[in-house]
Trainee: 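Just passing along the structure, written as structure tokens.
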Amino acid sequence: MCGIVGYVGARQAQDVVVEGLRRLEYRGYDSAGIALVHDGRVASAKRAGKLVNLEKEVAGNPLPTSSTGIGHTRWATHGAPNDANAHPHLGRERRVAVVHNGIIENFAQLRGELESVGHEMSSETDTEVTAHLLELEVQAGHDLTVAMQRVCCRLEGAFTLVAVDGADPDRVVAARRNSPLVVGLGEGENFLGSDVAAFIEHTREAMELDQDQVVTITREGVEVSGFDGSPAQGRRYHVDWDLTAAEKDGHDWFMRKEIYEQPRAVADSLLGRRTPEGLLQLDEMRLSDDELREVDKIIIIAAGTSFYAGMVAKYAIEHWTRIPVEVELASEFRYRDPILTQSTLVVAISQSGETADTLQAIRHARVQRAKVLAICNTNGSTIPRESDGVIYTHAGPEIGVASTKGYLTQLVACYLLALYLAQVKGTRFGDEIGEVMDQLDQMPAHIETVLANDQQVYDLARDHFDSSSVLFLGRHAGYPVALEGALKLKELAYIHAEGFAAGELKHGPIALIEDGLPVLCIVPPRGRDQLHAKMLSGIQEVRARGARTICLAEEGDESITPYADELIRLPQVPVLLQPLVAVVPLQLFACELATAMGHDVDQPRNLAKSVTVE
Ligand code: F6R
């Protein structure tokens with residue numbers, strides 16, 4: 001949610017900043033802007049719309065050369081996405097420029113104070129007040145670092161701020177509270193970014209910061225302090241992926257590239273999880289086995305696609321460990337006064353590790369003394385840092401706004417957690433756990449098989465070019481898959497899509513069925529239980545009422561053939577693991593249908609990758 005870049009060094013700051021913005025554009029694309037320090041003053045440019053509009057603007061009206069600059073790509077919160085509200089924002093004398101991610105909750109009061117002493121604002125944003133305040137501080141004789149510390153002490157809300165002062169050309173100063181910011185450490189140059197993608201082209205050495213810290217970068221070094229001016233240290237780390245991971249690699253969309261990366265991502269997320277003796281190990285779990293043995297209830301909190309991963313996790317954890325599991329939307333969690341004790345394990349699932357709803361939920365849980373375990377894809381992000389333990393998903397950077405490999409690797413992490421709890425609590429024998437691990441090890445090959453059938457799904461998607469509504473049905477672990485399939489279609493193709501538990505259909509939603517309505521049905525594997533037979537009845541019910549059934553069913557399941565207008569084959573896998581293969585055709589379907597409709601798949605309207613406001 002908003003991408004932020006800062007640079008100081010020997011290169012052309014404009015090139016470094018614009019390139020950084022391109023890599024962060026997935027975080028927000030309502031507008032973009034840049035500010036450079038040149039000859040004692042700040043030069044800036046900004047434009048509504050995607051980054052390309054800014055690039056056209058600076059190509060037509062070149063900015064001066066400079067080696068110090070900041071940039072911003074916006075996901076609008078305060079004020080419409082127009083030129084005036086685009087960042088950077090400047091102080092009254094245009095000496096200080098600021099870019100901002102987050103929401104400053106007391107901005108109305110600060111704005112009132114400034115206006116009462118004659119300041120005029122040129123935008124509707126909450127950000128502009130910080131530019132005015134910072135400029136007043138530097139005019140009063142403080143350097144930009146101290147100015148930032150002083151201003152931050154007056155701000156309420158969540159923010160990352162990055163600023164330059166025209167009169168102080170060799171430093172960029174940033175601050176963070178509950179909003180992402182990382183430092184890139186170079187040789188004779190340093191970088192700031194909302195995430196490491198901003199500077200991965202130049203350095204893989206990074207530094208993470210704590211809450212309520214100010215960081216100053218110069219060519220020579222990096223200094224960190226608290227808002228109160230006390231000296232502090234960031235934590236250095238090495239980024240274990242490189243520029244190629246942040247490129248499209250010949251695909252039209254990052255999302256499509258990431259869908260095809262899933263076999264590798266799933267394999268990576270399983271790497272190194274077993275000791276030579278065959279026991280499960282989770283590297284950064286940090287919670288001791290004794291602590292885990294105490295756990296008598298699990299609450300999973302997450303948002304969007306991650307929430308659907310949590311729903312699958314409930315089936316697996318309860319089945320393998322018999323520990324009761326609740327799954328809750330992060331945005332609802334703390335408002336219902338949840339019952340938490342020291343023996344409650346709260347599992348927060350977040351690809352980005354920065355989702356504000358999830359972050360606030362884990363803070364609430366920790367205050368109530370529950371233990372918090374994060375399942376996260378982003379090293380150095382806030383949610384794992386504020387948790388008692390973490391399982392990293394190792395999917396590599398996910399840049400397409402719609403989560404794909406992030407989701408699949410979250411599922412793997414959930415299965416690993418479930419099996420680890422079973423091992424620690426002794427609810428499953430070692431050989432049973434080993435058997436599921438062997439099945440998981442086969443999943444990359446199974447996902448490859450599904451991907452090899454992509455043309456069938458693409459043809460089908462293009463056939464639905466003019467559909468205005470699509471339904472998805474599933475049962476058991478297939479139900480969250482149905483919800484995820486519908487979410488993908490809504491967010492990418494902008495058409496009405498809904499996922500239902502197949503058994504629930506007859507209690508109301510079946511009224512939606514009309515002639516020709518496409519209904520995608522996730523058919524569970526045939527097994528000893530009633531699941532498969534019940535699903536078959538559900539499919540017959542909708543087909544009898546005119547639906548066009550598109551069935552995803554395992555290889556060899558012929559019972560489905562008479563009721564499927566279209567049949568997509570899935571590999572034979574256990575029911576609990578089926579989401580790992582069943583969701584893949586739904587991702588391909590949404591990606592291709594949105595492409596055929598002419599939508600920007602990587603940057604769907606109104607969305608942003610990492611939602612850092614509540
Ligand atoms: C949908 C999607 C979102 C995210 C949600 C949570 O494709 O990507 O629904 O899953 O915003 O994000 P994280 O996992 O980063 O907390």
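Each ligand, and each atom within it, is numbered from 1 in the order the structure gives. Just the heavy atoms: all of them, side chains too, but no hydrogens, waters or symmetry mates, feed the values below. Numbering starts at 1 and runs along the sequence shown.
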Trainee: Looking only at protein heavy atoms, which one is nearest to atom 12 (O) of ligand 1, and what is the separation?
Mentor: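 Ranking protein heavy atoms by distance from atom 12 (O) of ligand 1, first comes Thr355 OG1, 3.5 Å.
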Trainee: What protein heavy atom lies closest to atom 11 (O) of ligand 1? Include the residue and the distance to one decimal.
Mentor: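 Result for atom 11 (O) of ligand 1: Val611 CG2, 4.3 Å.
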Trainee: Which ligand 1 atoms does Val401 reach within 4.0 Å, using its non-hydrogen atoms?
Mentor: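 Listed by number with element, the hits are 8 (O).
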Trainee: Tell me the nearest of Thr358, Thr305, Thr393 to atom 2 (C) of ligand 1, using heavy-atom distances.
Mentor: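 That would be Thr305.
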Trainee: Using a strict cut-off of 4.0 Å, indicate which atoms of ligand 1 neighbour a heavy atom of Ser306.
Mentor: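 This gives 10 (O), 13 (P), 14 (O) as the contact atoms.
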Trainee: Is there a donor-acceptor contact under 3.5 Å linking the side chains of Gln262 and Glu448?
Mentor: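 No - no donor-acceptor pair under 3.5 Å links their side chains.
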Trainee: Tell me yes or no: between the side chains of Thr378 and Glu354, is some donor less than 3.5 Å from an acceptor?
Mentor: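 Side chains of Thr378 and Glu354: no pair found under 3.5 Å.
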Trainee: Starting from atom 15 (O) of ligand 1, which protein heavy atom do you reach first, and at what distance in Å?
Mentor: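 So the nearest neighbour among protein heavy atoms is Ser352 OG, 2.6 Å.
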Trainee: What protein heavy atom is closest to atom 5 (C) of ligand 1, reported as residue, atom name and distance in Å?
Mentor: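 Checking every protein heavy atom, the shortest distance to atom 5 (C) of ligand 1 gives Ala303 O, 3.6 Å.
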Trainee: Numbering the atoms of ligand 1 from 1, which are under 4.0 Å from a heavy atom of Ser350?
Mentor: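 Going through ligand 1 atom by atom, the ones under 4.0 Å from Ser350 are 13 (P), 14 (O), 15 (O), 16 (O).
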Trainee: Would you call Arg462 and Glu592 a salt bridge, taking side-chain N to carboxylate O under 4.0 Å as the test?
Mentor: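 Looking at Glu592 together with Arg462, the answer is yes, because their closest N to O distance falls below 4.0 Å.
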Trainee: Please list, in number order, the atoms of ligand 1 under 4.0 Å from a heavy atom of Ala402.
Mentor: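 Heavy-atom distances to Ala402 below 4.0 Å select 7 (O).
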Trainee: Please check if any side-chain donor atom of Thr160 sits under 3.5 Å from a side-chain acceptor atom of Ser179, or the reverse.
Mentor: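 Checked: Thr160/Ser179 side chains pair up, N/O donor to acceptor below 3.5 Å.
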Trainee: What is the closest protein heavy atom to atom 7 (O) of ligand 1, and at what distance does it sit?
Mentor: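 Its nearest protein heavy-atom neighbour is Glu491 OE2, 2.5 Å.
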Trainee: Test of understanding: given a 4.0 Å heavy-atom threshold, classify the contact between Lys488 and ligand 1 as side chain, backbone, both, or neither.
Mentor: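 Within the 4.0 Å criterion, Lys488 contacts ligand 1 through side-chain atoms alone.
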Trainee: Are more than 12 heavy atoms, taken from residues, nucleotides or ligands other than Arg286, located less than 6.0 Å from that residue's CZ atom?
Mentor: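 Enclosed: over 12 neighbouring heavy atoms sit under 6.0 Å from CZ of Arg286.
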Trainee: Does the plane of the ring in Tyr260 sit parallel, tilted or perpendicular to the ring in His251? Use 30° and 60° as the thresholds.
Mentor: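 Ring orientation, 0 to 90° scale: parallel.
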Trainee: Is the His599 ring parallel, tilted or perpendicular to the Tyr494 ring (thresholds 30°, 60°)?
Mentor: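 His599 and Tyr494: tilted rings.
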Trainee: For the pair Phe333 and His364, name the ring-plane relationship: parallel under 30°, tilted 30 to 60°, perpendicular over 60°.
Mentor: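 Taking His364 first and then Phe333, their aromatic rings stand perpendicular (interplane angle over 60°).
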